[in-house]
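First the proteins, then the strands, lettered A, B, ... as listed; each starts at 1. Since we're looking at a predicted model, the values are computed, not measured.
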Amino acid sequence: MQPIRITEIPQHLGEEVLIQGWLYHKRSSGAIQFLLLRDGSGLMQAIVLKSNSAAFQVAEGLAQESSLRVWGQARADKRAPTGYELEISRFELVQLAHDYPIAPKEHGPGFLMDHRHLWIRSPKQAALLRVRHEVLQGMRDFFHQRGFIATESPILTPAAVEGTTTLFPVDYFGDQAYLSQSGQLYLEATAAALGLVYWIGPAFRAEQSKTRKHLTEFWMCEAEMAFYDHQMNMQLQEELVKYLLERLLKQRAAELETLERNTASLQKVLSEPFARITYAEALELLAEQGLPLEWGDDFGAPHEEVLGQHFQRPVFIEKMPAAMKAFYMEPDPQNPELVLAADLIAPEGYGELIGGSQRISDLEMLERKLQEFQLPREPYEWYLDLRRYGSVPHSGFGIGVERTVAWIAGAKHLRECIPFPRQLHRIYP
RNA sequence: UCCUCGGUAGCUCAAUUGGCAGAGCGAUCGGCUGUUAACCGAUAGGUUGCUGGUUCGAGUCCAGCCCGAGGAGCCA
C-alpha cells in the first residue's frame, strides 16, 4: 500500500490508508487509546480500540517520538482535534523512543535552543519552517516569472562589500579572507551579464548583536536590475512583498492558524499601496511623535517602531543623507547630499525588511566615493571595470528572509525562523 | 561591548527573618469505554551554576568567576 501524507487525509475518507510518521502525544481512556501522529505535513489523531488486542498492546508501549507506520481507516470525526481521525487496524513500530527530552509543556528558550534539533519537530516550529519554505519558494517563483536569472555570489570573499560592518575572518591558504556580508557587488557584475538577476544565500555579520532581530548568519534574497532606476526598484520591491504576503495567506493558512497569527493586519497591507516618505519627512514625523533626531542620525529600534505604528503598513523611507549610507549609492540629482536609496520598514515592530538603492554608474563619481569613504582601491578594481565597460543605470535591493518570515508568521524571535540559528555565543547544535 | 534580570529534580517553578529540599509536568507501575497539554493512585528522581568567605547553621547574606535570557547600539 502506498503511504499518504496527513494533509491528504480529506481525499481518502472511508479508505484504508498507510501513514508513516512519529508519535507526537498519547492519551488513553480504558478501552481506547488516542495517538496524536505527525508526519511532517501535519498532525492527526489516531485511535486504537482494546478489541484490536495486538495493536492495543503495541500502542500501550509507545512513548513520545517513537517512529511508526500505521494502517487504518480514515474518517471524519468532530471529536478529533483536526476533524479527521484514523482507526488503526495494524501497527509497525519502526523505533521505540525513550525519555524524549521535550515534554508537551512549557520550556525555557535556553533549553529549547540546546535541543533545537528536536524542537523543530513541535507543531509551531514545524509550521514556521513550512512558512519559511513558502517564502523562499515564493521569491524564486516571483523572480522566475519575471524573467530574472537565478545566480550566485561567493561566500568566501577577499574584502568587505561595504567596509563597515564586522566580518568573520577566514584563513584562505595563508591569505585573509572573509565570509560574505552581502552578494551585492557580485550581483552588479552578473546583472551586467544577464540583465535581471537574483540570488538567495547566506550573509554573515560578526556584530555583537544580542537582540531578537539579529542573527550572525542569516539569509538574504538579493536582486539586481540593469536599466532600473530608483522608482522602478521600489515598485518591484512592493510587488515582491505583496506577492509573498498573498501567497502565504492563501497557501499556508493552516500554518498561520497554528502560529495564531492575526491575519487581519496582513490582509490590510494587501489592500493599499505601501507608504513612501523621505528621510526629511521621517525626521519631522518622529519629532512630532516625541522622538527627535539630528539630521544624519540613523533610525533606532524605537524610531522604526513608531514609524511602523504610524502607517500600519510597510513604509519606504527614501533619500537618506549620503554620509550614513554605503559608498556605491547614486546621489539624488536634486540634492547631491542625498542618495537614491530606500529602506522598507515592516509594521508591527519587525524592523527593516529591505535595503535597496540605485547604484552609481559613473566611473569618476565611484572613484571619488571610494576615496571619500577611505576604502582601498585595489580590491574594487574589478567593480570599477563595470563602470568602464558598458556602464548602465542599475538598481537592486536585499530582503531579509528571516525577517520576512518573522513578520508574516508573527514570530517573536528571528531565531525561530531559521532551522539552526547562529547567534552571539551560540553555535550548538 | 553596555544596561537589566536570572541559574534549585530531565523540564517549568516554589521554599517565610539565615533553621528538616518541595510541587506540577515528564519517566516508570497500576486504574479508567471518546480523550483534547485527559483524569485518578503509587514509585523513582537533588554536589541548589562554580570557587571562596561570613555564620552554630547558607538555596537564602558577601566577593569573584561561568552560563543563560531580555533590551541597546549596528543592521537585513
> Is the base of B:rU35 touched by the side chain of A:Gln45 through a donor-acceptor pair closer than 3.5 angstrom?
Replying inline: yes
>> Among B:rU1, B:rG70, B:rG34, which nucleotide has an atom closest to any side-chain atom of A:Arg212?
In response: B:rG70
> Between A:Glu352 and A:Gly108, which is nearer to the 5' end of RNA chain B once each is assigned its nearest nucleotide?
Replying inline: A:Gly108
>> With salt bridge (Lys or Arg N to Asp or Glu O under 4.0 Å) as the test, pick out the partner of A:Asp343 among A:Lys319, A:Lys325, A:Arg403.
In response: A:Lys325
> Atom CZ of A:Phe111 and atom P of B:rC13: how far apart are they, to the nearest Å?
Replying inline: 12 Å
>> Given 3.5 Å as the limit, does a donor-acceptor pair link the side chain of A:Arg261 with the main chain of A:Trp407, or not?
In response: yes
> A:Ser28 near the nucleic acid: base, sugar-phosphate alone, or nothing, with a heavy-atom cut-off under 4.0 Å?
Replying inline: base
> Taking the six-membered ring for Trp, are A:Trp295 and A:Tyr279 ring centroids under 6.0 Å apart?
Replying inline: yes
> How is A:His25 classified with respect to the nucleic acid when contacts are heavy atoms under 4.0 Å: base, sugar-phosphate, or nothing?
Replying inline: sugar-phosphate
> Taking CD from A:Glu304 and C1' from B:rG71, how many angstroms apart are they, rounded to a whole number?
Replying inline: 15 Å
> Base, sugar-phosphate alone, or nothing: which one does A:Gly400 contact when heavy atoms must sit under 4.0 Å apart?
Replying inline: sugar-phosphate
> Do the side chain of A:Arg415 and the base of B:rG68 come within less than 3.5 angstrom through a donor-acceptor pair of N or O atoms?
Replying inline: no
>> Rounding to an integer number of angstrom, what distance separates B:rG30 and B:rC67 when you compare their P atoms?
In response: 45 Å
> Within the structure shown, what part of the strands sits under 4.0 Å from A:Pro101 by heavy-atom distance: base, sugar-phosphate, or nothing?
Replying inline: nothing
> Checking all strands, does A:Asp77 fall into the base, sugar-phosphate, or nothing category for heavy-atom contacts under 4.0 angstrom?
Replying inline: base
>> In whole Å, I'd like the distance from the CH2 atom of A:Trp219 to the P atom of B:rA76.
In response: 18 Å
>> Check this for me: A:Gln11, atom CD, are more than 12 non-hydrogen atoms of other residues, nucleotides or ligands nearer than 6.0 Å?
In response: yes
> Is any side-chain N or O of A:Gln423 under 3.5 Å from a base N or O of B:rG68, one able to act as donor and the other as acceptor?
Replying inline: no
> What integer number of Å spans the P atoms of B:rA21 and B:rU28?
Replying inline: 30 Å
> With a 4.0 Å cut-off on heavy atoms, is A:Gly351 in touch with a base, just the backbone sugar-phosphate, or nothing at all?
Replying inline: nothing
> Hey, are A:Thr82 and A:Gln45 close enough side-chain-wise for a donor-acceptor pair under 3.5 Å?
Replying inline: no
> Does the gap between the ring centers of A:Tyr328 and A:Phe373 come in under 6.0 Å?
Replying inline: no
> Looking only at side chains, do A:Arg276 and A:Gln231 share a donor and an acceptor under 3.5 Å apart?
Replying inline: yes
> When you compare B:rU47 with B:rG34, how far apart are their P atoms, in angstrom units rounded to a whole number?
Replying inline: 43 Å
> What is the nucleic acid contact for A:Ile47, judged by heavy atoms within less than 4.0 Å: base, sugar-phosphate only, or nothing?
Replying inline: base
>> What's the gap between B:rG64 and B:rA27 when it is taken at their P atoms, as a whole Å value?
In response: 43 Å
>> Nearest to the side chain of A:Arg79, heavy atoms from C-beta on, is which of B:rG71, B:rU35, B:rU33?
In response: B:rU35
>> Starting the side chain at C-beta, find the nucleotide from B:rC11, B:rC32, B:rA37 nearest to A:His107.
In response: B:rC11
> Can A:Phe218 be classed as stacking with the base of B:rA76, given a centroid separation cut-off of 5.5 Å and a plane angle cut-off of 30°?
Replying inline: yes
> Counting any heavy atom closer than 4.0 Å, what does A:Leu215 reach on the DNA or RNA strands: base, sugar-phosphate only, or nothing?
Replying inline: base
> What interatomic distance, in whole Å, is found between P of B:rU60 and the corresponding atom of B:rG19?
Replying inline: 11 Å
>> Let's see if you can work this out: which of B:rG71, B:rU33, B:rC75 has an atom nearest to the side-chain heavy atoms of A:Ser29?
In response: B:rU33
>> Side chains of A:Ser357 and A:Arg359 only: does a donor on one sit below 3.5 Å from an acceptor on the other?
In response: yes
> For B:rC67, does either OP1 or OP2 sit under 4.0 Å from a side-chain N or O belonging to A:Arg426?
Replying inline: no
>> Without decimals, in angstroms, what is the distance between A:Met324 CE and B:rC75 P?
In response: 8 Å
> Please, what dot-bracket string fits RNA chain B when only Watson-Crick and G-U pairs with both distances under 3.5 Å count, crossing ones use [ ] and pairs to another strand use |?
Replying inline: (((((((..((((.....[..)))).(((((.......))))).....(((((..]....))))))))))))....
>> In this structure, how many angstroms lie between the C1' atom of B:rG34 and the CZ atom of A:Phe56, rounded?
In response: 12 Å
> Between A:Arg69 (side chain) and A:Leu93 (backbone), is there a donor-acceptor pair under 3.5 Å?
Replying inline: no
> Between A:Tyr100 and A:Trp22, is the ring centre distance below 6.0 Å?
Replying inline: no
> Taking CG from A:Asp114 and C1' from B:rG68, how many angstroms apart are they, rounded to a whole number?
Replying inline: 9 Å
> What interatomic distance, in whole Å, is found between C1' of B:rG52 and the corresponding atom of B:rA69?
Replying inline: 27 Å
> Once you round it to whole Å, what is the distance between P of B:rC74 and CG of A:Leu167?
Replying inline: 18 Å
> Hey, does A:Glu85 reach any base, or is it just sugar-phosphate, or nothing, if we go heavy atoms under 4.0 Å?
Replying inline: base
> Below 4.0 angstrom from OP1 or OP2 of B:rG70, is there any side-chain N or O of A:His413?
Replying inline: yes
> Under 3.5 Å, is there a donor-acceptor pair linking the side chains of A:Glu87 and A:Gln73?
Replying inline: no
>> Roughly how many Å apart are B:rU48 and B:rG10, using the C1' atom of each and rounding to a whole number?
In response: 16 Å
>> Closest-nucleotide mapping onto RNA chain B: is A:Leu49 or A:Arg403 further toward the 5' terminus? I mean the 5' end.
In response: A:Leu49
>> Checking side-chain polar atoms at under 3.5 Å, does A:Glu188 have a donor or acceptor matched by the opposite partner on A:Gln184?
In response: yes
> Which value, in whole Å, describes the distance between the P atoms of nucleotides B:rC25 and B:rU43?
Replying inline: 15 Å
> Base, sugar-phosphate alone, or nothing: which one does A:Glu87 contact when heavy atoms must sit under 4.0 Å apart?
Replying inline: nothing
>> Whole angstroms only, please: what is the NZ-P distance between A:Lys26 and B:rC25?
In response: 17 Å
> Quick one, which residues of residues 59-67 of chain A touch RNA chain B with a heavy atom under 4.0 Å?
Replying inline: none
> Do A:Phe148 and A:His144 have ring centres separated by under 6.0 Å?
Replying inline: no
>> What contact category does A:Phe34 fall into here, base, sugar-phosphate, or nothing, at under 4.0 angstrom with non-hydrogen atoms?
In response: base
